[in-house]
Protein chains: 2
Amino acid sequence: MPYRTKKKPPAKAVAPDGTFAMGETTDRLLTPGEVAHIFGVDPKTVNRWSLTGKIPSIRTPSGQRRYRQSDINQLISTDRG
Amino acid sequence: MPYRTKKKPPAKAVAPDGTFAMGETTDRLLTPGEVAHIFGVDPKTVNRWSLTGKIPSIRTPSGQRRYRQSDINQLISTDRG
DNA sequence: GGTTAATTGGGTAATTTGGGGC
DNA sequence: GTTGTCCAAATTACCCAATTAA
């Protein structure tokens, strides 16, 4: 999967009729490559972060890792040090 | 994770945050696209999982696959490693 | 009926994984 | 202690057109 940055349409999670747009909502899962692109590191480094408990990860039934966008956003904080 | 749709899914089964309503839609069958969204993969990958025996699937009379929520829930687990 | 979106199957390219060593 | 790279095997993504579902 290439490091594709797909633009998200205006996030409209739940419509008035109770329906919602699939796949474009708040908590989509990111691939290691996407997270790596965000932080500017190697995908393997991202996996190391999950190994050391720095990022929670979800496994596909075949063992690949996926990361919650909310978890990633939590790590992105402006640093003044 | 190229699965995206601008229209409403068949019904509200899995909320954008990944949760679901227990008392209401527990036994509803999920489409490949919905399961794909949960795991952050392509719908075809989900079908591949059923072909390799990782997920039991149910077929519509026309041959399309559907998945039980209970089967999917069993596979979801946060991973530390 | 008619429109739109999702699913399916096949083929091929790209990504991910784990280990090892720098 | 952390990160980047090389490797082979496994897994997944994207392409297409036809079928099915809503």
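Being a predicted model, the structure only gives us computed values, none of them experimental. To find a chain, count down the sequence lines: A is the first, B the second, and so on, and within it residues start at 1.
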* Indicate whether OP1 or OP2 belonging to C:dT16 is found under 4.0 Å from a side-chain N or O atom of A:Thr31. => yes
* Asked: Whole-Å distance between C:dT16 P and A:Leu30 CG?
  -> 11 Å
* OP1 or OP2 of D:dA21 under 4.0 Å from side-chain N/O of B:Thr60 -> yes
* Taking only the side-chain heavy atoms of A:Trp49 (C-beta and beyond), determine which of D:dT3, D:dT12, C:dT7 contains the nearest atom. => D:dT3
* **Heavy-atom check, side chain of B:Thr45 versus side chain of B:Phe39, under 4.5 Å** => no
* Rounded to the nearest 0.5 Å, how far does CD of B:Glu34 lie from CD of B:Gln69? -> 8.0 Å
* Closest to the B:Pro32 side chain: C:dT7, D:dA13, C:dT16? -> C:dT7
* To do: Between C:dT17, D:dT12, C:dT7, spot the one nearest the side chain of B:Arg66, thanks.
  => C:dT7
* Between D:dT11 atom P and B:Ile55 atom CD1, what is the distance in whole Å? -> 14 Å
* **A:Tyr67 OH - C:dT16 C1' separation (whole Å)** => 10 Å
* Asked: Is B:Arg65 touching bases, backbone alone, or none of the nucleic acid, heavy atoms closer than 4.0 Å?
  -> sugar-phosphate
* To the nearest angstrom, how far is A:His37 atom NE2 from C:dA14 atom P? -> 17 Å
* To do: Between C:dT16, D:dT12, D:dT20, spot the one nearest the side chain of A:Ser62, thanks.
  => D:dT12
* Asked: Between D:dT12, C:dT7, D:dA13, which nucleotide has the shortest distance from any of its atoms to the side chain of A:Gln64?
  -> D:dT12
* What integer distance in Å separates B:Arg48:CZ from C:dT7:P? -> 15 Å
* State plainly whether one hydrophobic cluster holds both A:Leu75 and A:Ile38, where clusters connect Ile, Leu, Val, Met, Phe, Trp and Tyr through side-chain heavy atoms under 4.5 angstrom apart. => yes
* Provide, to the nearest angstrom, the distance between the CG atom belonging to B:Leu29 and the P atom belonging to D:dA21. => 13 Å
* Checking B:Arg66 side chain against B:Leu29 main chain: does a donor-acceptor pair fall under 3.5 Å? -> no
* Spacing of B:Asp42 atom CG relative to D:dC16 atom C1', expressed in whole Å -> 14 Å
* To the nearest 0.5 angstrom, please state how far the CG atom of A:Asn47 sits from the OG1 atom of A:Thr52. => 10.5 Å
* Asked: Considering only D:dA13, D:dT12, C:dT8, which nucleotide approaches the side chain of B:Asn47 most closely?
  -> C:dT8
* To do: Using atom CD1 of A:Ile58 as one end and atom C1' of D:dT11 as the other, report the distance to the nearest whole Å.
  => 18 Å
* Given C:dT16, D:dT3, D:dC15, which nucleotide is nearest the side-chain atoms of B:Lys44? -> D:dC15
